[in-house]
2 protein chains.
Amino acid sequence: MLKKERQAYILRQVSLHNSVLSADLSAEIQVSEDTIRRDLNELAEEGKVIKVHGGALSKSFNSFYLRSDVFHGEQKKIIGQKAISLLKDGMFVLSGGGTTVIETARMLPETLLATFLTGSIPAAYEYAQHPNSEVIFIGDKISKKSQIAVGGEAISKIKSVKADICIMGINAMDIENGITDNDWDVVILKKAMLEASNLKVVLSISEKLNSVQRIKICGLNQIDILITELDKDDPILAPYRDSGITIL
Amino acid sequence: MLKKERQAYILRQVSLHNSVLSADLSAEIQVSEDTIRRDLNELAEEGKVIKVHGGALSKSFNSFYLRSDVFHGEQKKIIGQKAISLLKDGMFVLSGGGTTVIETARMLPETLLATFLTGSIPAAYEYAQHPNSEVIFIGDKISKKSQIAVGGEAISKIKSVKADICIMGINAMDIENGITDNDWDVVILKKAMLEASNLKVVLSISEKLNSVQRIKICGLNQIDILITELDKDDPILAPYRDSGITIL
DNA sequence: CTAAAAACCGCAAAAAGTTGCAATTTTTCT
DNA sequence: AGAAAAATTGCAACTTTTTGCGGTTTTTAG
């Protein structure tokens, strides 16, 4: 096998798998790892791959996760749009504090006249920017991790209300375990929020679906509506629809 | 799995869930926790995540408020420095929400170990950034004008505590009328704050001195300490010193 | 205050990389 | 064609990086 051929093969593998191991290539093409390394170094010098210890990465690999923030931003805007369609004038809304919820808060139509109840500092801040809606903050000790009021006072306050709708971002959710999280205080709070609301709406980018974390918040049967950035007929969502949740 | 891949995976998880546990990652990627820790440390050094005991946090999550440089920033920093000298470990601090107070909050020494009680969203946010202090938010309806919780609940909550010190920005103050403001809700709140504290400290840039607004909060005799950006012997401050206030 | 979890430290083994060199192949030039 | 030059390749010795592990210290939470 010629050098050029070999390098072409390597490039194909890289673009195919996003990453290659020197050892693998060596075995596949039956040349020494030294040769592979020299090839990878050349390709790296030509800027065709990114050389790392143990192999090489595709050039597009870098921007892949650097861009993810913006990328997620777009997804969250789609989710926000759908969520807003659920809000009507006069509603009493219990709101969580994740980035998805905050994105939604920024998109509220100016004309909406609702009351928002939240324990999240960033969410309260966003809602407070809105010209017509009213904001009630549930005070208590602030958890630094999540910028959310946690503790008995907040819980009992939430339990004393009955909201029309609860809009909540989540960290992880799957068919078996329902909605899960890894922060005890947050779990307690979210449980209380769900109990205090008539309509229970969960916002989540699809990437968070089918993942699990330590502590259970509730089963899927507790949830009324699931909003993701996907089309409501997307096959990923099918099992959730089957378990009785309305998909938006 | 290559090191870079692994770190990319970690970054993805962080941006997805806002926080990760070393133990979880270790189990997911099938490497030792030491390796995860080393990765997290590297990512933290590169400024991509925030390392904490047990895992790491997303960096972007904490940056909702873009630092809007306030008017008279330099003057307020001088005031902040002076105010900080009053704070000692273990203190229970009742804090207002003006820009001056927020500037002070940003300058708190990392070692300070105090508890802050506030009804201001921006102030709570700043205090929550501090590594060692505890933050308690006084929840209630949020006044949009001032981003502060106002209302009966907040008032009664404040009245139920006794703070060591009250740090409060003001809108107007003069010899004759004392401290005045033009927002009824804020006035009520500030009155309650002053009553609930032992040491009453007022922060104000000199521009606000010798001006009056509609509603009276309290007379000068209620105030213990006045902090401005001026030297404490400045003639502008003389009448206030004469009326019994300590000038810093 | 105490026990458990996490972080740190140093070490050693394994994996990957580097370098120099000799053997082989390819290219070039007459 | 055939010899010299150049490029390529594999190998061996050595260096560097990465990783996991045991023991100790620090931090956290009850």
Side-chain angles (χ1 to χ4, degrees), chain A residues 1-11 13-14 17 19-46 49-57 61 140-146 150-152 181-189 213-215, chain B residues 1-11 13-14 17 19-46 49-57 89-90 110-113 115 128 130-136:
Chain A
M1 190 179 241
L2 266 63
K3 188 180 166 192
K4 278 275 159 63
E5 261 184 290
R6 203 176 50 226
Q7 296 194 348
Y9 177 85
I10 292 176
L11 279 179
Q13 292 301 311
V14 169
H17 300 117
S19 77
V20 290
L21 304 182
S22 307
D24 288 354
L25 290 173
S26 163
E28 285 168 33
I29 328 184
Q30 300 281 357
V31 291
S32 77
E33 288 194 36
D34 294 78
T35 304
I36 298 293
R37 256 192 293 279
R38 279 187 269 247
D39 283 338
L40 291 180
N41 281 329
E42 282 180 32
L43 292 172
E45 272 180 36
E46 294 167 29
V49 301
I50 297 166
K51 179 90 184 64
V52 297
H53 205 91
L57 300 172
F61 181 82
D140 206 330
K141 181 163 175 298
I142 302 292
S143 152
K144 296 214 181 121
K145 245 190 283 185
S146 48
V150 295
D181 205 306
N182 58 12
D183 184 326
W184 178 255
D185 290 326
V186 170
V187 168
I188 302 284
L189 193 83
Q213 291 192 327
R214 293 231 138 62
I215 316 168
Chain B
M1 192 180 232
L2 295 165
K3 189 177 160 191
K4 276 269 164 60
E5 278 185 290
R6 204 178 48 225
Q7 297 192 347
Y9 177 85
I10 293 175
L11 279 179
Q13 291 302 312
V14 169
H17 296 126
S19 72
V20 291
L21 302 180
S22 307
D24 287 354
L25 290 172
S26 162
E28 284 168 36
I29 330 185
Q30 301 278 1
V31 290
S32 77
E33 287 193 39
D34 291 84
T35 303
I36 297 293
R37 250 191 295 280
R38 278 186 271 247
D39 283 338
L40 290 179
N41 281 330
E42 282 182 30
L43 292 171
E45 271 180 36
E46 293 167 28
V49 302
I50 297 167
K51 179 93 185 59
V52 295
H53 205 90
L57 303 177
D89 278 0
E110 292 223 338
T111 55
L112 183 69
L113 212 146
T115 302
H130 188 274
N132 292 311
S133 68
E134 203 166 304
V135 190
I136 297 172

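By convention in this document, chain letters (A, B, ...) are assigned in the order of the sequence lines, proteins followed by strands, and residues within each chain are numbered from 1. Everything numeric in this text was worked out from a predicted model, so none of it was measured.
In this structure, A:K51 reaches the C:dG17 phosphate: one of its side-chain N or O atoms is under 4.0 Å from OP1 or OP2. Residue B:K3 places no side-chain N or O under 4.0 Å from the OP1 or OP2 atom of C:dA16.
What separates CG of A:D39 from P of D:dA7 is a distance of 16 Å, to the nearest Å. In this structure, B:E45 places its CD atom 15 Å from P of C:dA7, rounding to the nearest Å. Spacing between atom CG of B:L21 and atom C1' of C:dA7 amounts to 15 Å, rounded to whole angstrom units. In this structure, B:L25 places its CG atom 14 Å from C1' of C:dA6, rounding to the nearest Å. Look at CZ on A:R37: it is 13 Å from C1' on D:dT15, rounded to the nearest Å.
With sequence neighbours excluded, the residues that form a side chain to side chain contact (heavy atoms under 4.5 Å, CB included) with B:E134 are A:K141, B:T115. Legend: residues meeting side chain to side chain donor-acceptor pair (under 3.5 Å) with B:R6, ordered by chain and number and at least two apart, are B:D39.
Taking 4.5 Å as the limit, every side-chain heavy atom of B:L40 sits out of range of all side-chain heavy atoms of B:R37. Side-chain atoms of A:V186 and A:I215, non-hydrogen and from C-beta on, never get closer than 4.5 Å to each other. A 4.5 Å side-chain heavy-atom check between A:I188 and A:V150 finds every atom pair outside the cut-off. You'll find the side chain of B:L43 reaches within 4.5 Å of the side chain of B:Q7, heavy atoms only.
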Write down the protein N/O and nucleotide N/O pairs, taken from nucleotides 24-28 of chain C, whose separation is under 3.5 Å; answer none if there are no such pairs.
none

So which protein N/O to nucleotides 2-4 of chain C N/O distances come out below 3.5 Å?
none

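Taken from CD1 in A:I29 to CD in A:Q13, the straight-line distance is 8.0 Å, to the nearest 0.5 Å.
Between the side chain of B:S133 and the backbone N or O of B:L113 there is no donor-acceptor pair closer than 3.5 Å.
Summarising the geometry of A:S32 relative to A:S26, their closest heavy-atom pair is C-OG, 4.0 Å, with the distance given to 0.1 Å. Contact record, A:D183 with A:S143: OD2-OG, 4.5 Å, taken as the closest heavy-atom pair. When every heavy atom of B:V49 is checked against every heavy atom of B:A56, the shortest pair comes out as CG2-CB, 4.1 Å.
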(request) Could you run through nucleotides 20-30 of chain D and give me one letter per nucleotide, 5' to 3': B if any protein heavy atom sits under 4.0 Å from the base, S if only the sugar-phosphate is that close, - if neither? (result) BB-----SS--
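From one end of the helix from C:dC1-D:dG30 to C:dT30-D:dA1 to the other, with five pairs defining each end axis, the axis direction shifts by 40° (rounded to 10°).
Using a 4.0 Å heavy-atom cutoff across all strands shown, B:N41 reaches sugar-phosphate atoms only and no base atom.
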